[in-house]
Amino acid sequence: LKPGGANIPVTEKNKKEYIERMVKWRIERGVVQQTESLVRGFYEVVDARFVSVFDARELELVIAGTAEIDLSDWRNNTEYRGGYHDSHIVIRWFWAAVERFNNEQRLRLLQFVTGTSSIPYEGFASLRGSNGPRRFCV
């Protein structure tokens, strides 16, 4: 992970750096060649100067586009846990707030909760989590 790292004890002071290096190593290990090929191919199509002005969220929106969120589809495909249900006062407040959001704010909420601002072609019924199909859950 780091030159001489085997001889450096992990302490509170360097714990963050250790975790960052370990995560980077685990993610990159085994996919370095594929990632490099993907990035090279991407930059053959898109000029790097144009990409550099975007952060990750903005770039995802540029690549995937922005879809108009269908609130009734979102609401009809939401799962409730912990005593919540569609007519619970807190849930009514939640949907009332989401209804007042513009589409960009709704996409940002979706990205915050799910990690992506893209909606599957089939709608919220086909929303996926990191380990397969997963409905939006409150």
Side-chain angles (χ1 to χ4, degrees):
L1 301 179
K2 180 178 183 176
N7 301 319
I8 302 172
V10 177
T11 65
E12 283 298 319
K13 196 172 187 177
N14 66 4
K15 177 171 62 176
K16 183 179 179 203
E17 178 189 8
Y18 170 77
I19 291 171
E20 287 172 352
R21 287 178 181 266
M22 180 61 80
V23 167
K24 185 175 190 252
W25 178 76
R26 288 187 182 264
I27 288 173
E28 290 177 350
R29 180 181 56 172
V31 295
V32 172
Q33 188 177 14
Q34 294 89 335
T35 302
E36 288 173 352
S37 296
L38 176 68
V39 170
R40 258 193 324 278
F42 180 78
Y43 285 129
E44 285 179 14
V45 177
V46 179
D47 190 319
R49 294 173 298 171
F50 298 131
V51 176
S52 66
V53 299
F54 298 107
D55 64 23
R57 182 192 60 78
E58 294 167 333
L59 187 58
E60 180 183 6
L61 288 174
V62 168
I63 291 172
T66 58
E68 190 68 33
I69 290 185
D70 179 345
L71 277 180
S72 63
D73 179 43
W74 191 354
R75 192 170 184 161
N76 291 334
N77 288 288
T78 295
E79 182 179 316
Y80 301 100
R81 293 186 189 156
Y84 291 110
H85 48 82
D86 192 51
S87 58
H88 191 284
I89 187 67
V90 172
I91 300 303
R92 291 195 325 235
W93 291 338
F94 172 78
W95 289 117
V98 174
E99 285 172 11
R100 287 192 300 272
F101 289 176
N102 63 36
N103 198 60
E104 181 182 350
Q105 291 169 316
R106 291 173 186 163
L107 287 167
R108 286 183 182 196
L109 170 64
L110 182 64
Q111 184 173 34
F112 175 76
V113 175
T114 65
T116 182
S117 60
S118 60
I119 304 162
Y121 175 76
E122 303 87 356
F124 281 91
S126 298
L127 203 59
R128 297 186 63 79
S130 58
N131 38 333
R134 173 154 300 171
R135 294 178 72 187
F136 183 80
C137 182
V138 176

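Please read these numbers as outputs of a predicted model, since none were measured by experiment.
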Do [X] and [Y] belong together in a cluster built from hydrophobic side chains that touch within less than 4.5 Å?
X: V39; Y: V45; value: yes
X: V51; Y: L38; value: no
X: Y43; Y: F50; value: no

Those residues that, when tested against [X], pass side chain to side chain donor-acceptor pair (under 3.5 Å) (two or more places apart):
X: K15; value: E12
X: R100; value: none
X: N7; value: none
X: E20; value: none

How long is the gap from [atom1] on [X] to [atom2] on [Y], to the nearest 0.5 Å?
X: L107; Y: E68; atom1: CG; atom2: CD; result: 8.0 Å
X: Y84; Y: C137; atom1: OH; atom2: SG; result: 11.0 Å
X: W25; Y: L1; atom1: CH2; atom2: CG; result: 7.0 Å

Are [X] and [Y] packed together at the side-chain level, in the sense that at least one heavy-atom pair is separated by less than 4.5 angstrom?
X: R21; Y: K24; answer: no
X: F94; Y: L109; answer: yes
X: W74; Y: I119; answer: no
X: R134; Y: T114; answer: no
X: H85; Y: I91; answer: no

Applying side-chain contact (heavy atoms from CB on, under 4.5 Å), can you list everything that pairs with [X], at least two apart in sequence or on another chain?
X: I8; answer: K2, N14
X: V23; answer: I19, I27
X: D73; answer: D70, N77, F124

Check ion pair R108-E104 (N to O, under 4.0 angstrom): yes
When you measure from the side chain of E36 to the backbone N and O of Q33, does any donor-acceptor pair fall under 3.5 Å? no
Go through the structure and list residues passing ring pair (Phe, Tyr, Trp, His ring centres under 6.0 Å) with F42, not counting sequence neighbours. none
For F101, give me all partners under ring pair (Phe, Tyr, Trp, His ring centres under 6.0 Å), at least two apart in sequence or on another chain. none
Contacts of R49 that satisfy salt bridge (charged side-chain N to carboxylate O under 4.0 Å, His left out) - sequence neighbours left out: D47
Quick one: salt bridge (charged side-chain N to carboxylate O under 4.0 Å, His left out) partners of E79, sequence neighbours excluded? R81
Strictly by salt bridge (charged side-chain N to carboxylate O under 4.0 Å, His left out), give each pair with a member in residues 84-96 just once, sequence neighbours left out. R75-D86
